[in-house]
Amino acid sequence: MLQIAAIREHKEAFITALKKRNLDAAPLIEKAITTDEQRRSLQTQLDETLAESNKLSKEIGSLFQSGKKEEANQLKGKTGELKQRSKTLSDQLQQTVDTLQEILYTIPNIPQDTVPAGNSDEDNEVVAEHGILPSLPDGAAPHWELAKTYDIIDFELGNKITGAGFPVYKRQGARLQRALINYFLDKNTEAGYEEMQVPLLVNEASGYGTGQLPDKEGQMYHVGNDDLYLIPTAEVPITNIYRGDLLEQKELPIAMTGYTPCFRREAGSYGADVRGLNRLHQFDKVEILRIEHPDKSDGALDAMVVHVKNILEELELPYRILRLCGGDLGFTSTLTYDFEVYSAAQKKWLEVSSVSNFKTFQANRLKLRFRNGDNGTELAHTLNGSALALPRIMAAILENYQKENHIDIPKALIPYCGFDRIEN
RNA sequence: GGAGAAGUGGCAGAGUGGUCGAAUGCACUGGUCUUGAAAACCAGCGAGGGUCACACCUCCAGGGGUUCGAAUCCCUUCUUCUCCGCCA
């Protein structure tokens with residue numbers, strides 16, 4: 001959520017920047033500003049009314065104490081009208097505040113200057129490409145076939161137990177999953193990210209804090225009885241650790257990592273793109289998050305990109321990095337880099353990480369601030385990225401490393417797996 | 001799940017209807033002293049709205065109510081603690 005004070009101050013610049021998202025924000029911004037003016041005017045009127053009635057109350061108090069009951073009772077009569085007025089004003093104020101809030105919820109974050117214009121993922125800018133695309137022999141199998149051949153992932157079984165998109169990992173497949181999780185967590189903690197293990201169900205306030213609510217309500221599984229949501233990403237519980245906090249400047253930066261299963265309803269997506277591991281309702285992901293001083297967040301984003309890069313290179317998976325264009329940029333982000341690995345049998349690039357700088361957008365909803373040493377408080381910047389999402393890494397490993405009668409395990413993972421190949 | 005108790009500033013902890021945004025201690029920040037540090041002493045020290053700056057307004061777990069006036073009384077939700085039950 002953008003700050004209304006910033007909108008007021010940078011109105012034109014914001015409208016221009018939001019055009020990159022192919023959004024004509026002018027009407028929304030105008031409405032936000034006029035609603036805010038209304039809000040402030042109502043607030044002032046209410047304050048004055050309350051001030052008057054506070055004053056009267058004090059007078060009544062001292063009259064009672066000095067035994068002037070008659071005069072006190074006379075004054076009491078006057079307070080009734082003030083009370084009525086302040087009730088009306090505060091109702092109006094509340095309504096205006098709610099309206100303003102609703103408007104602000106619908107305005108996406110301001111893209112940074114470097115974000116390219118564009119409408120869809122086709123306009124994303126490839127900023128780096130690394131590794132040689134493996135050329136597999138004819139008859140190379142996509143991972144869903146390999147999964148069956150070596151009996152390491154069972155999609156039908158998941159169907160039986162739960163439904164589509166909930167695979168069962170078996171034998172060496174299960175072990176490889178666990179190896180990847182541990183490997184990623186180790187890489188992240190080595191880089192200074194503190195490991196957290198967090199709840200997989202969150203309350204409504206947490207959903208609002210990181211921006212999944214109200215925009216993406218339909219994306220999350222909702223547990224009605226207890227009004228809780230299954231997390232779509234570890235970003236939600238981990239970022240919300242700091243919801244409402246006022247940090248000391250010296251506590252920054254904060255860097256955290258966590259592994260969680262992620263649950264996404266992905267309503268209405270079927271077809272070739274979602275075969276096998278490409279898109280699931282439940283999947284594993286290791287996330288990295290940072291809370292930064294505003295002056296440092298740009299550098300922090302770069303550092304996160306380098307970190308993810310290093311992991312992919314160690315796994316020897318060919319990848320490319322995309323800078324998302326305005327049309328593809330997430331609602332809450334100012335700048336996002338996507339990592340895609342090449343899945344050789346599908347001959348497709350698969351997104352395995354998304355690294356974003358949200359600047360104050362989340363912090364404003366979270367009320368996550370720090371003392372800036374200048375006698376003031378300031379919103380912190382939040383960033384997060386996947387390091388990394390498992391299923392598509394798994395898919396790429398299986399496909400790219402397949403040999404005639406087995407699948408090799410990337411060197412870096414062998415100590416974690418305890419075996420160097422998958423075979424029957 | 002049942003019975004009881006409690007939720008106050010970064011922490012501890014006073015405050016049971018008016019002068020309380022809140023004593024006191026610790027922590028923290030600045031200063032004096034010191035070669036430096038510690039100790040001691042002095043001063044400052046919650047947040048949000050609003051204002052050029054003041055004024056002013058709001059916040060004592062959340063929500064609602066009683067009252068001219070609520071941290072204080074009532075209702076309700078949540079959380080914590082103690083005891084009991086259940087249980088990985």
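Look at the P atom in both B:rU67 and B:rU72: the space between them is 16 Å, to the nearest Å. Distance noted for atom P between B:rA22 and B:rG9: 14 Å (whole Å). Taking atom C1' in both B:rA14 and B:rC86, the straight-line distance is 40 Å, to the nearest Å. Across the P atoms, B:rA38 and B:rU32 are found 14 Å apart, a figure rounded to whole Å. With both ends at atom C1', the span from B:rU34 to B:rA40 equals 12 Å, rounded to whole Å. For the P atoms, the distance linking B:rU24 with B:rC41 amounts to 15 Å, nearest Å. Nucleotides B:rA39 and B:rC81 place their C1' atoms 39 Å apart, quoted to the nearest Å. Here, B:rG49 and B:rG1 have their C1' atoms 44 Å apart, quoted to the whole Å.
Searching all strands for a Watson-Crick or G-U wobble partner of B:rA39 with both distances below 3.5 Å returns nothing. Remark: B:rA70 base-pairs with no nucleotide; criterion is Watson-Crick or G-U wobble with both hydrogen-bond distances under 3.5 Å. Across every strand in view, B:rG17 sits unpaired, with no contact that passes the Watson-Crick or G-U test at under 3.5 angstrom. Partner assigned to B:rC33 is none, using Watson-Crick or G-U wobble distances below 3.5 angstrom. Nucleotide B:rA5 forms a pair with B:rU80, judged by Watson-Crick or G-U wobble geometry with both contacts under 3.5 Å. Summarising the base pairing, B:rA53 is matched to no nucleotide, lacking a Watson-Crick or G-U wobble pair whose two defining distances lie under 3.5 Å. When both distances must be under 3.5 Å, the Watson-Crick or G-U wobble mate of B:rG44 is B:rC28.
Spacing between atom CG of A:Asp36 and atom P of B:rU51 amounts to 9 Å, rounded to whole angstrom units. For the pair A:Lys55 NZ and B:rG18 P, the computed distance is 22 Å after rounding to whole Å. Rounded to a whole Å, the CG atom of A:Leu42 is 15 Å from the C1' atom of B:rU58. Between the C1' atom of B:rG69 and the CG atom of A:Leu82 lies a distance of 13 Å, rounded to the nearest Å. With rounding to whole Å, A:Glu248 atom CD is found 16 Å from B:rA27 atom P. One can place CD of A:Gln45 at 16 Å from P of B:rU58, the figure rounded to the nearest angstrom. Put simply, CZ on A:Arg243 is 14 Å from C1' on B:rA61, counting in whole angstrom units. Computed from coordinates, the A:Leu93 CG to B:rG50 C1' distance equals 12 Å when rounded to whole Å.
Across all strands, A:Ile60 comes closer than 4.0 Å to base atoms (heavy-atom distances). Among the atoms of the strands shown, only primed sugar atoms or phosphate atoms (P, OP1, OP2) are found under 4.0 Å from some heavy atom of A:Leu246. Nucleic acid contact for A:Ser57: base, since at least one base atom lies under 4.0 Å from a heavy atom of the residue.
For the side-chain contact (heavy atoms from CB on, under 4.5 Å) test, residues two or more places apart in sequence or in another chain that qualify with A:Asp226 are A:Val223, A:Leu228.
Phosphate proximity of B:rC78 to A:Asn203: absent, as no side-chain N or O sits under 4.0 Å from OP1 or OP2. For A:Asn73 and B:rC68, the shortest distance from a side-chain N or O to OP1 or OP2 is not below 4.0 Å. Under 4.0 angstrom from either OP1 or OP2 of B:rU29 there lies no side-chain N or O belonging to A:Arg371. Under 4.0 angstrom from either OP1 or OP2 of B:rG69 there lies at least one side-chain N or O belonging to A:Lys83. Contact between the side-chain N/O atoms of A:Thr377 and the OP1/OP2 oxygens of B:rG48 is found at a separation under 4.0 Å.
Within a 6.0 Å radius of CD in A:Glu81, other residues, nucleotides and ligands contribute 12 heavy atoms or fewer. The number of heavy-atom neighbours closer than 6.0 Å to NZ of A:Lys296, taken from other residues, nucleotides and ligands shown, is 12 or below.
Each of A:Gln43 and A:Ser62 was assigned the nucleotide of RNA chain B with the nearest heavy atom; the assignment lying further toward the 5' end belongs to A:Ser62. Each of A:Thr79 and A:Glu378 has a nearest nucleotide on RNA chain B; the 5'-most of these lies closest to A:Glu378.
Close placement of the A:Tyr193 and A:His307 rings is indicated, their centers lying within 6.0 Å of each other.
Ring-plane geometry between A:Tyr208 and A:Tyr105 is classed as tilted, the angle between the planes lying from 30 to 60 degrees on a 0 to 90 degree scale.
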For residues 416-424 of chain A, tabulate all N or O donor-acceptor pairs below 3.5 Å that involve a side-chain atom, not counting sequence neighbours.
residue: A:Tyr416; atom: OH; partner: A:Asp186; partner atom: OD2; Å: 2.6
residue: A:Asn424; atom: ND2; partner: A:Thr149; partner atom: O; Å: 2.9

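We find that A:Lys359 and A:Asp298 are joined by a salt bridge, their nearest charged nitrogen and carboxylate oxygen being less than 4.0 Å apart.
Here the nucleotide nearest the side chain of A:Lys76, chosen from B:rC68, B:rG50, B:rC57, is B:rC68. Across B:rG48, B:rC57, B:rC68, the shortest atom-to-atom separation from the side chain of A:Phe64 is found for B:rC68.
A donor-acceptor contact under 3.5 Å is formed by the side chain of A:Asp47 with the base of B:rG49.
Counting heavy atoms from C-beta on, the side chains of A:Leu379 and A:Gln3 come closer than 4.5 Å.
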